[in-house]
Amino acid sequence: MFQASFLTDSSPDSIEWCPVRPDTFACGTYLYNPENTSRQGSIYLFQYNSLTKTIEIIQQQATEGILDLKWIQCSPEHTFLSTVSALGQLSLYSSNDLTKPIVCEDVTNEQTIALAHSWLHATNNYVVISDQQGCLSICELDNTNGLRFSQSWSAHEYECWTCVWDRYDPNIVYSGADDTLFKIWDIRDCKQAIHINRKHTMGICSIVVDETNPYELLTGSFDEYLRLWDKRQMTNPIKDIKLGGGVWKIKPHPLNHELLLCACMQNGFVIVDLKILNILCHYKQHGSLAYGCDWQTSDSINQLSELMDDCMNVETTTTTTTTSDTAKILSESVIASCSFYDKTVHVWKYQT
């Protein structure tokens, strides 16, 4: 159900709610100018007012074109906004000030366009970056907030749209590219991938490692399929579902990782229940390519999480979510999303 909208100055492609300020989210934009071949953009810091149903600008900063952004928490006191740009730079901004980055370093060869990045969750001091030439690069954030280049290698033949660290093994990195290949790398020896999956029929644009199951991960592809994989047996996916558009972004719900918010490019945004392999909601209010999306981590969601924990009288680490639990979680959820060519940001809620 639509709540609010905002028109950006150029095309938005990435969006994420702030983990420590529940009413705040960031959005990155990108605009290619064919006349001078420049790639400009901006970073917005928005505040969503649920009472007036409005999106208000807290800050806006002109930058090079932003291809990917995400919030990282290096400590309880330090939350940063991390971006990668069309100039091949990674920047870190204070959550309160976008005017000047704390860190701004080249992270690709010859300023190749950086497409995606992923921070090592355990420590948030290592980052992997993928770029337009199919390369992966790893950098380390040191104690002085400097970014030290570690290593880089040619991982794919074409654009490497996505990369992510494994959440359980800091030596493992996953990548997906326009060459249709999903690869697994051990960063201690990057001469060749330790596994190459060839089951996608088009480019791979999103990879998510499950936070609750050490063996499972998800991929999204231009071939319109969302796939669930078991790392121990990668011959065929455990499950798959066709979503009617390229699966550009996958965002598991913070309370139930089987509820997946997916940006499906030409087919809008969908919420998928992975457990029953069913589309629960299809949001079609955007007018062009669906790219960025994220679940809000709000106070009501946190209260619901605590209530559910109190009600769980089980000793196992794996819990079963009932239909009523799912309905309650979704009813409390708020989503931010953006679409590219119509330069639109929406805030909306689940509706059956």
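Count residues from 1 along the sequence.
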Practice prompt. Please examine the side chains of Val272 and Asn278, heavy atoms only from C-beta on, and report whether any two atoms are closer than 4.5 Å.
Written response: no
Fill in: NZ-CG distance between Lys328 and Asp325, expressed to the nearest 0.5 angstrom
10.5 Å
Worksheet item: Nearest heavy-atom pair of Leu45 and Ala26: which atoms, and what distance?
Response: CD1-CB, 4.1 Å
Worksheet entry | Co-members of Leu87 in a cluster of I, L, V, M, F, W and Y side chains, linked at under 4.5 Å | none
Practice prompt. Give me the other members of the hydrophobic cluster that Phe149 sits in, counting Ile, Leu, Val, Met, Phe, Trp and Tyr linked by side-chain heavy atoms under 4.5 Å, directly or via other members.
Written response: none
Item to complete: List, by chain and number, the other hydrophobic cluster members for Ile184, where Ile, Leu, Val, Met, Phe, Trp and Tyr join if side-chain heavy atoms come within less than 4.5 Å, directly or indirectly.
Response: Val164, Tyr168, Ile172, Tyr174, Phe182, Ile194, Ile204, Ile207, Val209, Leu217, Trp229, Met234
Worksheet, complete the sentence: Minimal heavy-atom distance between Ile129 and Cys139, with the atoms involved, is CD1-SG, 4.2 Å
Worksheet item: Ignoring hydrogens and geometry, is there a side-chain-to-backbone donor-acceptor pair from Gln296 to Pro22 under 3.5 Å?
Response: yes
Fill in: ring-ring contact (aromatic ring centres under 6.0 Å, His included): pairs with one or both residues in residues 81-105, sequence neighbours excluded
none
Practice prompt. Check ring-ring contact (aromatic ring centres under 6.0 Å, His included) between Trp17 and all other residues, then give those that pass, not counting sequence neighbours.
Written response: Phe25
Worksheet entry | Shortest non-hydrogen separation from Cys293 to Ile15 and the atoms involved | N-CG2, 3.3 Å
Discussion item. Holding to salt bridge (Lys or Arg N to Asp or Glu O under 4.0 Å), I want the full list of residues that pass it with Lys231, two or more places apart in sequence or in another chain.
Written reply: Asp166
Practice prompt. Considering non-hydrogen atoms only, spot the tightest contact between Ala114 and Val84 and give its length.
Written response: CB-CB, 3.7 Å
Worksheet item: Only one of Asp131, Thr162, Asp68 forms a side-chain hydrogen bond (donor to acceptor under 3.5 Å, both in side chains) with His117, so which one is it?
Response: Asp68
Practice prompt. Measure across Leu98 and Ser94 and return the closest heavy-atom pair with its distance rounded to 0.1 Å.
Written response: CD2-O, 4.3 Å
Worksheet item: Judged by modelled atom types alone, do His286 and Thr344 share a side-chain donor-acceptor pair under 3.5 Å?
Response: no
Worksheet item: Out of Tyr283, Tyr48, Phe2, which one pairs with Trp348 under the ring-ring contact (aromatic ring centres under 6.0 Å, His included) rule?
Response: Tyr283
Item to complete: Supply the atom-to-atom distance Arg39 CZ to Ile113 CD1, rounded to the nearest 0.5 angstrom.
Response: 3.5 Å
Discussion item. Going by side-chain contact (heavy atoms from CB on, under 4.5 Å), name the residues that satisfy it together with Ile196, two or more places apart in sequence or in a different chain.
Written reply: Leu181, Lys183, Ala193, Arg198
Discussion item. Given 3.5 Å as the limit, does a donor-acceptor pair link the side chain of Asn33 with the main chain of Ser38, or not?
Written reply: no
Item to complete: Using only heavy-atom distances, determine whether the side chains of Ser82 and Trp119 contain a donor-acceptor pair under 3.5 Å.
Response: yes
Discussion item. To the nearest 0.5 Å, what is the distance between OG on Ser152 and CD on Gln133?
Written reply: 11.0 Å
Practice prompt. With sequence neighbours left out, write down each residue that passes salt bridge (Lys or Arg N to Asp or Glu O under 4.0 Å) with Arg188, or none if nothing qualifies.
Written response: Asp186
Discussion item. With a sphere of 6.0 Å drawn around CD of Gln233, does it hold more than 12 non-hydrogen atoms of other residues, nucleotides or ligands?
Written reply: yes
Practice prompt. Using modelled atom types only, decide if a donor and an acceptor are shared between the side chain of Ser339 and the backbone of Leu289 within a distance under 3.5 Å.
Written response: no
Worksheet item: Looking only at atom types and distance, does a side-chain atom of His200 sit under 3.5 Å from a main-chain N or O of Tyr225, one as donor and one as acceptor?
Response: no
Worksheet item: Taking it one step at a time, do Tyr30 and Ile66 satisfy side chain to side chain contact (heavy atoms under 4.5 Å, CB included)?
Response: CA-CA 5 Å; Tyr30 172 92; Ile66 300 297; 5.9 Å; no
Item to complete: Measure from the side-chain N and O atoms of Lys239 to the backbone N and O of Arg227, and report whether any donor-acceptor pair falls under 3.5 Å.
Response: no
Fill in: Closest heavy-atom pair and its distance - Thr99, Gln61
CA-OE1, 3.3 Å
Worksheet entry | Side-chain hydrophobic cluster, 4.5 Å single linkage: members besides Val173 | Leu120, Tyr126, Val128, Leu136, Ile138, Trp153, Trp165, Trp185, Ile187
Item to complete: Return the set of residues passing salt bridge (Lys or Arg N to Asp or Glu O under 4.0 Å) with Asp9 (not counting sequence neighbours), or none when no residue passes.
Response: none
Worksheet item: Between Leu259 and Leu274, does a side chain to side chain contact (heavy atoms under 4.5 Å, CB included) hold up when you go through it step by step?
Response: CA-CA 6 Å; Leu259 295 176; Leu274 191 62; over 6 Å; no
Practice prompt. Could you check Asp210 against Leu218 for side chain to side chain contact (heavy atoms under 4.5 Å, CB included), going step by step and ending with a plain yes or no?
Written response: CA-CA 8 Å; Asp210 196 310; Leu218 296 154; over 6 Å; no
Worksheet item: When rounded to the nearest 0.5 angstrom, what is the spacing between CD1 in Ile43 and CG in Leu69?
Response: 7.0 Å
Worksheet item: Who passes salt bridge (Lys or Arg N to Asp or Glu O under 4.0 Å) against Glu157, sequence neighbours left out?
Response: none
Worksheet item: Side-chain donor-acceptor pair under 3.5 Å between Arg167 and Asn213, yes or no?
Response: no
Fill in: His253 side chain to Leu255 backbone, donor-acceptor under 3.5 Å
yes
Worksheet item: Quick one: do the Ser206 and Trp248 side chains pair a donor with an acceptor below 3.5 Å?
Response: no
Discussion item. Glu16 and salt bridge (Lys or Arg N to Asp or Glu O under 4.0 Å): which single residue from Lys70, Lys249, Lys251 fits?
Written reply: Lys251
Worksheet item: Does anything in residues 101-113 pair up under side-chain hydrogen bond (donor to acceptor under 3.5 Å, both in side chains), and if so which pairs, sequence neighbours excluded?
Response: Gln89-Asp106
Item to complete: Using a cut-off of 6.0 Å, state whether more than 12 heavy atoms not belonging to His78 lie near its atom NE2.
Response: no
Worksheet item: If you round to the nearest 0.5 Å, how far is NZ of Lys242 from OG of Ser221?
Response: 10.5 Å
